[in-house]
Amino acid sequence: MTFDSLIFLFAFLPVSFILYYVTPARFKNLTLVLVSALFYAWGGLAHTLILFVSVVWNYACGGMIGKYLGHGKRAKNIMMIAVGADIILLGVCRYAGQILKMTGNGMADSRYFLVPIGISFFMLQNIAYIIDIYREEIRPQKDIVKFAVMIVLYPKIIAGPLVSADEFAKQLDKRKLSFGKISDGVLLFLRGLSKKVILGNGMEMVFETVQALPAKQMSAAGAWLLCIAFAFRIYFTFGGYCDMAMGLSKMLGFELPENVNYPYLSTGIMDFWSRWMSTLWKWFCSYVYLPLCGGNPGGTMGFLSLLVTWFLIGLWHGMNGTFIIWGIYFAVLLYLEGFVLGEGLAKLPKGVRWFFTMVLLMTSWVFFFSSSIGEAFSQLRYMIIGGGGGFVNAEAVSVLMDHGILWILAVFFSTPLFHRLYEWVIQGGRRWQVVLNCIVYIMLFVLCLAGIVSGSGSGFLYFSS
């Protein structure tokens with residue numbers, strides 16, 4: 001079940017929220033666990049079993065670590081066993097089917113090797129919980145229902161964001177529902193839905209149109225348009241899902257951290273990763289990079305630590321060699337920016353830094369969307385010298401002209417300009433402003449429904465994660 005499906009919008013969402021709101025306060029957490037289980041079970045009962053086995057396992061291990069802290073190496077041994085088991089479960093569920101497929105085993109097509117939706121996200125939450133207890137940064141959660149809510153809450157289980165156990169535990173105890181918060185959540189959800197269905201699916205159509213061009217018709221301009229179309233597609237798809245997750249959580253009384261913040265305004269690679277999937281980078285930085293480099297990010301050890309970290313981030317996205325190269329590519333860029341060229345880059349005009357950052361990012365997406373390393377390098381060659389279509393040809397011009405409005409909207413809505421302008425127009429709360437706001441969001445919802453019914457667009461790029 002996805003957030004942009006009719007079954008979610010007209011069945012699961014209203015029923016689950018009615019149940020949540022009418023449930024007495026002391027049973028609301030249990031209601032959240034049950035409706036989240038129902039949401040997840042839509043993808044398969046076997047996968048739901050895996051999810052809740054991981055919840056029980058990490059809850060029990062967290063309690064034992066807390067019990068034996070200060071008793072020699074026992075707590076450390078339990079921590080290592082718990083994290084090791086989590087990594088093994090993640091590896092088996094995430095990669096068993098891919099490994100079998102690579103070896104030509106027919107079992108790879110079995111439904112038992114379909115990846116549980118969101119497993120890469122909720123397993124990282126489990127691992128962080130265990131390590132934080134061992135570090136004595138948090139105490140073990142005594143209430144298994146509260147712990148389950150932290151892991152399985154359905155707005156964030158598909159694609160995050162990753163929330164620290166300490167931050168989430170405080171919200172569990174202090175969250176309050178209000179009409180204002182619910183209203184803000186609804187509007188944020190609708191903005192996210194619009195991003196995904198209207199712009200994300202639209203740019204997916206443009207991307208597939210350019211990608212389908214044969215090599216003899218691919219120009220350098222067309223190759224760059226392919227990268228830019230994919231960049232907008234992944235931004236509006238993933239960014240839309242993050243907005244929807246934040247909106248749904250706000251309607252339930254929770255505040256999730258911002259995970260996507262206009263990444264194509266970045267003026268550096270580190271700036272980009274503070275705006276794009278920022279909670280993922282923070283997770284790997286806290287639990288992989290900093291422990292490896294020992295708090296000394298410079299020098300050879302720091303560079304090797306960065307390589308290992310980004311190798312794992314690439315592997316986290318998939319076993320394809322293109323993801324590994326993608327990860328190593330960012331490791332090198334981050335090291336050069338942070339420890340080699342940092343002072344020189346800081347002196348460049350902001351516009352120059354933005355331009356080169358975008359060129360590097362568009363190049364990185366080639367490895368993300370290509371199905372093989374060979375295909376990726378062919379695409380890079382097209383971007384430099386073109387295919388059979390030279391530098392620019394009629395096909396590239398047609399892609400721009402035929403989808404001109406969509407390109408303009410994509411550029412416009414990848415910045416905060418429109419949202420700030422709109423907020424300025426409707427601020428004040430006068431009757432006409434309230435009516436205008438309602439009309440705008442109703443129209444957006446109708447357009448989204450039209451897009452959903454038409455079947456445009458695929459699922460979510462991170463559903464396999």
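These numbers come from a predicted model, not from an experiment. When reading the values below, keep in mind they use all heavy atoms of this one structure, side chains included, and skip hydrogens, waters and symmetry mates.
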May I ask you to check whether [X] and [Y] place their ring centers less than 6.0 Å from one another?
X	Y	answer
Tyr129	Tyr59	no
Phe12	Trp42	no
Trp316	Trp283	no

(message) Going by ring pair (Phe, Tyr, Trp, His ring centres under 6.0 Å), Trp276 matches just one of Tyr264, Trp281, Phe238. Which one?
(response)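 Running ring pair (Phe, Tyr, Trp, His ring centres under 6.0 Å) over Tyr264, Trp281, Phe238 with Trp276 returns exactly one hit, Phe238.
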(request) Starting from the C-alpha separation in whole Å, work towards a yes-or-no answer on side-chain contact (heavy atoms from CB on, under 4.5 Å) for Tyr441 and Leu187. (result) CA-CA 7 Å; Tyr441 277 97; Leu187 297 185; 3.7 Å; yes
Determine yes or no for a side-chain-to-main-chain donor-acceptor pair under 3.5 angstrom, with [X] supplying the side chain and [Y] the backbone.
X	Y	result
Ser278	Arg275	no
Ser36	Val33	no
Asp132	Glu137	no
Arg175	Leu172	yes
Ser286	Lys282	no
Glu337	Gly268	no
Tyr329	Leu360	yes
Lys28	Tyr20	yes
Ser370	Phe367	no
Tyr134	Met80	no

How close do [X] and [Y] get, heavy atom to heavy atom, and via which atoms?
X	Y	answer
Ile133	Pro140	CD1-CA, 3.8 Å
Leu345	Arg353	O-CD, 3.0 Å
Glu255	Lys181	OE2-CE, 3.8 Å
Ala37	Thr48	O-CG2, 4.2 Å

Would one find more than 12 heavy atoms of other residues, nucleotides or ligands at under 6.0 Å from atom [atom1] of [X]?
X	atom1	answer
Met301	CE	yes
Tyr21	OH	yes
Arg135	CZ	yes
Phe323	CZ	yes

Students often mix this up, so state it plainly: with edges at 30° and 60°, are the rings of [X] and [Y] parallel, tilted or perpendicular?
X	Y	result
Trp365	Trp326	parallel
His317	Phe368	perpendicular
Phe3	Phe39	tilted
Tyr154	Phe17	perpendicular
Tyr40	Phe122	perpendicular

(request) Please check if any side-chain donor atom of Asp166 sits under 3.5 Å from a side-chain acceptor atom of Ser164, or the reverse. (result)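 Side-chain D/A pair, Asp166 to Ser164: absent.
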(message) Less than 4.5 Å apart, side chain to side chain, heavy atoms only: is that true for Asn126 and Phe147?
(response)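 Side-chain contact under 4.5 Å: yes.
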(request) Evaluate the criterion side-chain contact (heavy atoms from CB on, under 4.5 Å) for residue pair Val197 and Phe236; output intermediate values, then yes/no. (result) CA-CA 9 Å; Val197 175; Phe236 288 116; over 6 Å; no
(message) Salt bridge or not between Asp4 and Lys196? Use side-chain N to carboxylate O under 4.0 Å.
(response)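 Looking at Lys196 together with Asp4, the answer is yes, because their closest N to O distance falls below 4.0 Å.
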(request) List the steps and the verdict of side-chain contact (heavy atoms from CB on, under 4.5 Å) for Ile117 and His47. (result) CA-CA 8 Å; Ile117 292 175; His47 296 164; over 6 Å; no
(request) Go through the steps for Thr23 and Leu30 under the test side-chain contact (heavy atoms from CB on, under 4.5 Å), then give the verdict. (result) CA-CA 9 Å; Thr23 299; Leu30 180 60; over 6 Å; no
(message) Run Phe232 and Phe207 through ring pair (Phe, Tyr, Trp, His ring centres under 6.0 Å) and show every step you take.
(response) CA-CA 9 Å; Phe232 282 135; Phe207 170 76; over 10 Å; no
